[in-house]
Peer 1: 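Dropping a structure here in structure tokens format, bear with me for questions.
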Amino acid sequence: MALERPIPSRLTLLRLRNQERLYRSIKKTVEDARNATIQRIRAIIPKLEIARKSVYDELGRVSLILKAAVSRMGIEEYGKLSEVIKPSVDVEFIDITMEGLKFRGGLEFRGGVLSPNYGIYAIPPELDSALYGIYSNFKVISEMMNLENLFYTLLARIREYQRMVNAIDNVLLPRIMDNSRFVRLKLDEDEREEFVRRIVISKLLEAMGR
């Protein structure tokens, strides 16, 4: 479908020039916002890497303790235990604000952390150590999750900013400039026709005056 051409006039040309200036200004503003967001991401990356390493190290340590507990109990007994023992910690996600952005990513314990009631099961001490190790790492995990959320939210913003810049560069500005060229050419053509018409009329009047 062919694009509808604007009505050639001085007013239309002025309007198109104003639109071009406006969209160039918007593009500059969006590019500044994109570049500022990139700088924010660059500042977050080292913190995120440290948080990931901390979580990996802590959970790796807890995993070794848990493996020791499971090896002493036997995998079948551990499976039965996991089916009958109720959770002993109640965690709720809460809203937090980071870098001016709001997330539902904070972890909050309700009622504290209690040792599970194992009933008739005899469990090795390593199992409780592993459980408390996991509980104690919830804060570290929560901080890493929040940084991850912040990182990917800002990354999505950068992509959105870039899409806006691309739309202005590849669609809006070329369309406006093309319409401006069309209007200028049509106005120039009309001026030439008017000039020729005046010359012809002038010569006719001169001939009639003789």
Side-chain angles (χ1 to χ4, degrees), residues 1-56 91-108 139-204:
M1 181 178 178
L3 293 175
E4 184 178 351
R5 291 295 189 179
I7 299 173
S9 69
R10 297 291 177 187
L11 184 61
T12 300
L13 187 59
L14 179 62
R15 178 176 57 82
L16 289 171
R17 286 173 177 170
N18 288 336
Q19 284 182 354
E20 182 178 350
R21 283 194 294 268
L22 174 63
Y23 281 115
R24 289 191 186 279
S25 176
I26 293 174
K27 175 190 169 186
K28 179 65 167 58
T29 301
V30 174
E31 285 177 335
D32 290 343
R34 179 199 61 193
N35 295 337
T37 307
I38 290 173
Q39 293 304 317
R40 292 174 68 184
I41 283 186
R42 286 176 177 170
I44 291 170
I45 288 175
K47 298 177 185 178
L48 182 57
E49 289 177 346
I50 292 172
R52 284 173 173 170
K53 186 177 185 304
S54 177
V55 169
Y56 178 81
V91 180
E92 180 184 13
F93 283 96
I94 59 174
D95 293 332
I96 63 168
T97 301
M98 292 182 65
E99 298 282 338
L101 298 176
K102 191 174 183 180
F103 297 105
R104 188 165 184 78
L107 288 176
E108 183 180 71
K139 183 178 180 181
V140 179
I141 296 171
S142 174
E143 290 175 354
M144 186 196 73
M145 289 169 54
N146 296 334
L147 286 171
E148 292 270 4
N149 286 337
L150 180 60
F151 175 82
Y152 286 110
T153 299
L154 293 178
L155 189 62
R157 280 193 177 185
I158 290 174
R159 290 171 177 163
E160 184 63 27
Y161 289 146
Q162 190 58 49
R163 281 195 291 269
M164 293 171 66
V165 170
N166 291 342
I168 292 173
D169 269 343
N170 301 325
V171 179
L172 295 175
L173 285 178
R175 184 180 300 170
I176 291 171
M177 294 169 67
D178 183 57
N179 285 335
S180 295
R181 283 192 295 270
F182 168 78
V183 171
R184 283 198 305 270
L185 290 174
K186 192 68 173 69
L187 291 176
D188 290 343
E189 182 181 347
D190 290 344
E191 286 180 0
R192 286 193 298 271
E193 290 179 356
E194 182 64 21
F195 179 73
V196 171
R197 188 180 300 110
R198 287 179 180 178
I199 291 177
V200 171
I201 292 174
S202 176
K203 288 184 177 180
L204 288 174

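Values below: every heavy atom of this structure, side chains too, minus hydrogens, waters and symmetry copies. One-based numbering along the sequence shown.
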Peer 1: Please check if the number of heavy atoms outside Ile199 that lie under 6.0 Å from its CD1 is greater than 12.
Peer 2: yes

Peer 1: Answer yes or no: is there a donor N or O on one side and an acceptor on the other, between the side chain of Ser180 and the main chain of Ile176, under 3.5 Å?
Peer 2: yes

Peer 1: Quick one: does Leu14's side chain get under 4.5 Å of Arg10's, heavy atoms only?
Peer 2: no

Peer 1: Salt bridge or not between Lys28 and Glu31? Use side-chain N to carboxylate O under 4.0 Å.
Peer 2: no

Peer 1: Show the numbers, then the answer: is there a side-chain contact (heavy atoms from CB on, under 4.5 Å) between Asn146 and Leu150?
Peer 2: CA-CA 6 Å; Asn146 296 334; Leu150 180 60; over 6 Å; no

Peer 1: Looking only at non-hydrogen atoms, find the nearest pair between Ile168 and Tyr23 and report the distance.
Peer 2: CG2-O, 3.8 Å

Peer 1: Can you confirm whether the side chains of Asn18 and Arg15 place a donor and an acceptor under 3.5 Å from each other?
Peer 2: no

Peer 1: Look only at the side chain of Thr37 and the backbone of Ala33, and say whether a donor-acceptor pair between them is shorter than 3.5 Å.
Peer 2: yes

Peer 1: Rounded to the nearest 0.5 Å, what's the gap from CZ on Arg184 to CZ on Arg17? Could you check?
Peer 2: 6.0 Å

Peer 1: Within a strict 4.5 Å, meaning less than it, do heavy atoms of the Val183 and Leu187 side chains meet?
Peer 2: yes

Peer 1: Compare all side-chain heavy atoms of Glu194 with those of Arg197 and state whether any distance is below 4.5 angstrom.
Peer 2: yes

Peer 1: For a 4.5 angstrom cut-off between non-hydrogen side-chain atoms, does Arg198 reach Ser202?
Peer 2: no

Peer 1: CG/Asp32 to OH/Tyr161 distance, rounded to the nearest 0.5 angstrom?
Peer 2: 11.0 Å

Peer 1: Give, for atom CD1 of Ile50 and atom CE of Met144, the distance between the pair rounded to the nearest 0.5 Å.
Peer 2: 14.0 Å

Peer 1: Could you check whether Glu189 pairs with Arg192 (Lys NZ or Arg NE/NH1/NH2 to Asp/Glu carboxylate O, under 4.0 Å)?
Peer 2: no

Peer 1: Could Asp190 and Lys186 be called an ion pair, given the rule that one side-chain N must be under 4.0 Å from one carboxylate O?
Peer 2: yes

Peer 1: Are any of the side-chain nitrogens in Asp188 or Arg181 under 4.0 Å away from the carboxylate oxygens of its partner?
Peer 2: no

Peer 1: Kindly check if the number of other-residue, nucleotide or ligand heavy atoms within 6.0 Å of CZ (Phe182) is above 12?
Peer 2: yes

Peer 1: Taking atom types as modelled, find out whether Gln162 and Asn166 have a side-chain donor-acceptor pair closer than 3.5 angstrom.
Peer 2: yes

Peer 1: Do other residues, nucleotides or ligands put more than 12 heavy atoms under 6.0 Å from Arg40 CZ?
Peer 2: yes

Peer 1: At what distance, to the nearest 0.5 angstrom, does CG of Leu173 lie from CG of Asp178?
Peer 2: 12.5 Å

Peer 1: Starting at CD1 of Ile7, measure out to CG of Asn179 and round the result to the nearest 0.5 Å.
Peer 2: 12.0 Å

Peer 1: Using 4.0 Å as the upper bound for N to carboxylate O, is an ion pair formed by Lys53 and Glu49?
Peer 2: no

Peer 1: Once rounded to the nearest 0.5 Å, what's the spacing between atom CG of Leu16 and atom CZ of Arg21?
Peer 2: 11.0 Å

Peer 1: Run the numbers on Leu147 and Glu143 for side-chain contact (heavy atoms from CB on, under 4.5 Å), then give the verdict.
Peer 2: CA-CA 6 Å; Leu147 286 171; Glu143 290 175 354; 5.5 Å; no

